[in-house]
Amino acid sequence: MSTPYDHKAVESKWQDRWEKQRAAEVDLRHGHGKYYMLMMFPYPSGDRLHVGHGRNYILGDALFRFLRMNGKRALNPMGWDAFGLPAENAAIQRGIHPRDWTLANIKVMKEQFRRWGILYDWSKEIASCFPEYYRWNQWLFLRMLEKGLAYKKMAPVNWCPSCRTVLANEQVVDGACERCGTPVVQRDLEQWFFRITEYADRLLSGLDTLEGWPEKVKVMQRNWIGRSEGAEIRFEIPALGESVTVFTTRPDTIHGATFLVLAPEHPLAGRLIAKHGKHAEIEAWIETVRNTPRIQRSDEGNPKEGWDTGVVAVNPATGEEIPIWLANYVLPEYGTGAIMAVPAHDARDLAFARQEGLPVRLVYHLEGDADTDPASLAEPILHVGVIRNAPPFDGLRDGPETLRRFIAWLEEKGWGKARVVYRLRDWLISRQRYWGTPIPVVYCDKCGLVPVPDAQLPVELPYDVEFTGREGNPLSRSKSFVETKCPQCKGPARRETDTMDTFVDSSWYYLRYLSPRDATKMFDTEVANRWMPVDQYIGGIEHAILHLLYARFICKVLHDFGMVGIEEPFQNLFNQGMITRYSEKSGRIEKMSKSKGNTVSPDELIEEMGADTERVYTLFIGPPEKEAEWSDEAVSGAHRFLQRVWRMLEKLPEAPPTAPADPELERDRHATIQRVTHSLQRFSFNTAVAALMELSNSLSKALEEKTASRLRCEETFDTLVQLLHPLAPHMTEELWERRGYTESLLETSWPEHDEAKLRRARIELVVQVDGKVRDRVEVDAAADEKQVRATVLASPRVKDFLAGREVAKAVLVPGRLINLVTRRSA
RNA sequence: GCGAAAGUGGCGGAAUUGGUAGACGCGCAAGAUUCAGGAUCUUGUGGUCGCAAGGCCGUGGGGGUUCGAGUCCCCCCUUUCGCACCA
């Protein structure tokens, strides 16, 4: 007669108890033994979380419980990235205020976390949409404004016609809006920026210190920052009495520069084409290029188009006059927006030269090749060859030293200088939407742009706003918000209606968790210095560039403001893989998502089999950093395993009080402690589950066959329950209590293995003959090679395989195998 | 095109430093048990030859190093991801 496991009752019982005990609460006044773990804070989207989302939170909770049992003062806070477009869209579509909608969603998500048995320190909960939070965005903005790190400029921007807002470069994916997928168009608008480019070098070098980050993420960030070393070189334009500066990474090929190309948007373009016969036609073309979506324009397949301006520049190296062109393949915002074209040594320039019939001149010549004809050159000569006909450099080979000599020469002649250029652009933070942090500045007719004084923060979002879906920011139609007084002259003034990119919110929230209720400052420096950096950050790879780059940037800014000691906020980063499943809609196995219709609801799963089952299966599904396909069938394996563990409790009393000493179960127990501990340290949850299943199988067998004493069985069972707790917290707490223990498993110490218990007196040794497994023999663990050899050679099977041949050599791997080699190696 | 990661049974996946390949689980098969339920238990389950003992083959393909290779080295194929007119 066994008591069935009532997962519903047990799970809610323990969820209540953990909540009452405030099991995850941490006192931040002490930093000793601290371990700051952090899950990327979620956007409360209004869709119920599915099991794919669950993976992230479940593995975080397993880690948290494991750390706690290991005596760490683990901090695991949770909050809400609560500003964002979907809230506003919900307002437009359903007439719910973004604030009410968001708060309702938070409630739902919180309940889902609870049902998963996840422990967060809710006393530190934050939501970025509360004025108590976003006033510090504003405060930070003002400090950055003072230091020139925030500024406003007219700029061609990415505009999403559907979201009706501008997007940062990072938010444009394949030419489309990252959020809604609508193709992005170019517009010129006055916008606010953060000067992240000033930190480009530090963001780059900081990556080298992040040993606990996946290489992949670091590579992506390096690519994004895109540092290029080279030189800028000035070319005189006699006709204009003016010069143009180009950027090149190959100043050593200047003798081969046969024309210049400027971006059509280049400031000199207008004057260059002023006297051109087809002036109007070129202007129209410039307009077309300007309006081409940037992604299409910078696509390699985009046809190169250009116009000869008819004006020439002088190549300082050769003294030759070379034509100046305008072409779409030169981008205005990279480098100086102008290049020297060296068709012989650059693929793009060669393609354009061939297309337009422009001359090609070689600087580097292939060795041994007396005469490469520039006219027939099909491929550019890249990073090989020797310089000819470019005094005083003749005979030099392509390489860094040659490059240095060219730059020194250019500097000496006064024609150019070394320069480093980045692909990274400044961070466009303006958004023309309501549901975000208002940018705290005011426009006064008399005083111009006036920052809102700190004392007047926060600039609060007005609640009473109409959401119509019409073009433009709803904020700009709110009279009560827009109309204000100038803080300087007290005259009438208008508020800035742009709000901040929500990535500003998430760029410093990890610091706010440490001072969540401080109404006097952004965060407490002392507490931050005690608890930062985040020891383990966990989240999706989709934030590899955006959020993680911005957060690193803002952390460095705060460091420079003297507000926090560290420069890198996240010491270790873990990116969990996504959960996939077959989608009826697409007929493919795809990332689990509502739009693909392939989600599995944890609500039903928990109802049917319990949260512990979902947790164990999710952790067992595969290595957590890899993607994994959800299998509805395989879930039952986890369920069966937990059921077996549950039933074992009632079988324990059936074990005999005494039994023939069986060291194997005790050995298994210690081996499992070692394996599970090691697995959890490595985030290898799947192998931890496997090890626990094996121990469960061993104990089950021992109980069945009555080969171990009751005490030993109970001891093994208790260890199993403890080790299983981080993975299946509810059931293990219940079992622990039923075993008669009064403290929560969270309060117990993680078991330690005893090295001595792992050893066996006799071991099974594999015998190989010429590298093939031929037999197994039992020997003393301590046996030396001589003894082992004697035992092995006595085996009839081994004798057969040796077939009378000499053993030329024997290789003994103590405790594992012996290899008898008969043939000589060839 | 460039860069990175990966490729192991029907499936998900194990395998510190080179040392018994396939742990653990799913599925499948046979059996036991049960007042049929999608329950529980036992056994088996890489391929192939064999009545069996056992042999041979086997970690994408080909070569190499080694007493011994999933693991190290070289070449190739495939897949996934990232980057890609950035001068």
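In the text below, chain A, chain B and the rest are named by the order of the sequence lines, each starting its count at 1.
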(request) Verify whether one side chain among H639(A) and Q643(A) offers a donor that lies under 3.5 Å from an acceptor in the other. (result) yes
(request) Not counting sequence neighbours, which residues clear ring-ring contact (aromatic ring centres under 6.0 Å, His included) with F574(A)? List them please. (result) F683(A)
(message) Donor-acceptor check, side chain of D612(A) to backbone of M731(A), threshold 3.5 angstrom: yes or no?
(response) yes
(message) Using atom P in both nucleotides, what's the gap between G25(B) and G44(B) to the nearest angstrom?
(response) 13 Å
(message) Could you work out, with side chain to side chain contact (heavy atoms under 4.5 Å, CB included) as the rule, every residue matching R222(A), not counting sequence neighbours?
(response) L204(A), L207(A), D208(A), E215(A), K218(A), V219(A)
(request) Nearest-nucleotide wise, let me know which of L820(A) and Q768(A) is further upstream toward the 5' end of RNA chain B. (result) Q768(A)
(request) Residues of residues 326-337 of chain A with any non-hydrogen atom less than 4.0 angstrom from an atom of RNA chain B: list those, numerically ordered, please. (result) Y329(A), V330(A), L331(A), Y334(A)
(request) Would you mind reading off the distance between F685(A) atom CZ and G13(B) atom C1', rounded to a whole angstrom? (result) 17 Å
(request) Using the C1' atom on both, measure C77(B) against G68(B) and round to a whole Å. (result) 28 Å
(message) Which nucleotide, if any, forms a Watson-Crick or G-U wobble pair with G46(B), using both distances under 3.5 Å?
(response) C57(B)
(message) Rounded to whole Å, how long is the line connecting atom CG of N223(A) with atom C1' of G1(B)?
(response) 15 Å
(request) Verify the distance criterion only: is there a donor paired with an acceptor across the side chains of T719(A) and R669(A) at less than 3.5 Å? (result) yes
(request) Using atom CE of M578(A) as one end and atom C1' of G82(B) as the other, report the distance to the nearest whole Å. (result) 14 Å
(request) Using both distances under 3.5 Å as the test, list the Watson-Crick or G-U wobble partner of G10(B), or none. (result) C26(B)
(request) Would you mind classifying the nucleic acid contact of P214(A) as base, sugar-phosphate or nothing, using non-hydrogen atoms under 4.0 angstrom? (result) nothing
(request) Write down the distance between CD1 (I225(A)) and P (G82(B)), rounded to a whole number of angstrom. (result) 18 Å
(request) Using the side chain to side chain donor-acceptor pair (under 3.5 Å) rule, collect all pairs that involve residues 331-346 of chain A, keeping only residues at least two apart or in two chains. (result) S228(A)-Y334(A), R294(A)-E333(A), D346(A)-R348(A)
(request) State which residues pass side chain to side chain contact (heavy atoms under 4.5 Å, CB included) with A341(A); sequence neighbours excluded, sorted by chain then number. (result) F259(A), V261(A), D349(A)
(request) Summarise protein proximity over nucleotides 2-8 of chain B in one line of letters, 5' to 3': B for base, S for sugar-phosphate only, - for none, counting protein heavy atoms closer than 4.0 Å. (result) -------
(message) In whole Å, measure the gap between the P atoms of G18(B) and A84(B) for me.
(response) 38 Å
(message) Any strand counts, and the cut-off is 3.5 Å on both contacts for Watson-Crick or G-U wobble. Which nucleotide pairs with G70(B)?
(response) none
(request) Report the distance from atom NZ of K591(A) to atom C1' of C81(B), rounded to the nearest whole Å. (result) 14 Å
(message) With a 4.0 Å cut-off on N to O distance, would you call E664(A) and R760(A) a salt bridge?
(response) yes
(request) For atom CD of E379(A), decide whether the heavy atoms of other residues, nucleotides or ligands shown that lie under 6.0 angstrom number more than 12. (result) no
(request) Take nucleotides 49-58 of chain B nucleotide by nucleotide from the 5' end and write B, S or -, depending on whether a protein heavy atom sits under 4.0 Å from the base, only from the sugar-phosphate, or from neither. (result) -----SSSS-
(request) Would you indicate what R682(A) reaches in the nucleic acid, counting non-hydrogen atoms under 4.0 angstrom: base, sugar-phosphate, or nothing? (result) sugar-phosphate
Quick one: side chains of residues 619-627 of chain A, donor-acceptor pairs under 3.5 Å with protein atoms, not counting sequence neighbours, listed by atom name and distance.
none

(message) Would you measure the distance from the C1' atom in U33(B) across to the matching atom in U42(B) and give it in whole Å?
(response) 11 Å
(message) With a 3.5 Å limit on both atom pairs, tell me what C41(B) is paired to, counting Watson-Crick and G-U wobble, or say none.
(response) G31(B)
(message) Both E764(A) and S684(A) contact RNA chain B. Which one's nearest nucleotide lies toward the 5' end?
(response) S684(A)
(request) Using the C1' atoms only, state how far U59(B) lies from C49(B), rounded to an integer number of Å. (result) 22 Å
(request) Check whether more than 12 heavy atoms from other residues, nucleotides or ligands sit under 6.0 Å from atom CZ of R816(A), and answer yes or no. (result) no
(message) Please report the distance separating the P of A21(B) from the corresponding atom of G46(B), rounded so that it comes out in whole Å.
(response) 14 Å
(request) Write down the distance separating the P atoms in G38(B) and A29(B), rounded off to the nearest Å. (result) 15 Å
(message) Which nucleotide, if any, forms a Watson-Crick or G-U wobble pair with A21(B), using both distances under 3.5 Å?
(response) none
(request) With P as the reference atom in both, quote the distance from G70(B) to G60(B) in angstrom, rounded to an integer. (result) 10 Å
Tabulate protein N/O versus nucleotide N/O from nucleotides 22-27 of chain B, keeping only pairs under 3.5 Å, one per line.
residue: A23(B); atom: O2'; partner: E694(A); partner atom: OE1; Å: 3.4
residue: A23(B); atom: O2'; partner: E694(A); partner atom: OE2; Å: 3.0
residue: G25(B); atom: OP1; partner: N697(A); partner atom: ND2; Å: 3.3
residue: C26(B); atom: OP1; partner: R640(A); partner atom: NE; Å: 3.0
residue: C26(B); atom: OP1; partner: R640(A); partner atom: NH2; Å: 2.7
residue: G27(B); atom: OP2; partner: R640(A); partner atom: NH2; Å: 3.0

(request) Please give the nucleotide sitting opposite A36(B) as a Watson-Crick or G-U wobble pair, both distances under 3.5 Å, or none. (result) none
(request) Between G82(B), A87(B), C67(B), spot the one nearest the side chain of V821(A), thanks. (result) C67(B)
(request) Calculate the interatomic distance between H266(A) atom NE2 and A87(B) atom P; express it in whole Å. (result) 17 Å
(request) Hey, could you give me each pair passing salt bridge (Lys or Arg N to Asp or Glu O under 4.0 Å) that has a residue in residues 682-698 of chain A? Not counting sequence neighbours. (result) R675(A)-E694(A)
(request) Check A263(A) against L331(A) and note the closest heavy-atom contact, atom names and distance. (result) CB-C, 3.9 Å
(request) Take the protein atom CZ of R581(A) and the nucleotide atom P of G12(B), then report the distance between them rounded to whole Å. (result) 17 Å
(request) Run the salt-bridge test on K809(A) and D770(A) with the 4.0 Å N-O cut-off and return the result as yes or no. (result) no
(message) I'd like to check the ring-ring contact (aromatic ring centres under 6.0 Å, His included) partners of H543(A); sequence neighbours left out, ordered by chain and number.
(response) H547(A)
(request) Grab the CD1-C1' distance between I541(A) and C83(B) for me, whole Å please. (result) 14 Å
(message) Tell me every residue that passes ring-ring contact (aromatic ring centres under 6.0 Å, His included) with W213(A), counting only those two or more places apart in sequence or in another chain.
(response) none
(message) Please classify G9(B) as syn or anti, treating any glycosidic angle within 90° of 0 as syn.
(response) syn
(request) Any strand is fair game: report the nucleotide pairing with G1(B) by Watson-Crick or G-U wobble, both distances under 3.5 Å, or none. (result) C83(B)
(message) Checking T402(A) against D252(A): is there a side-chain donor and acceptor pair closer than 3.5 Å?
(response) no
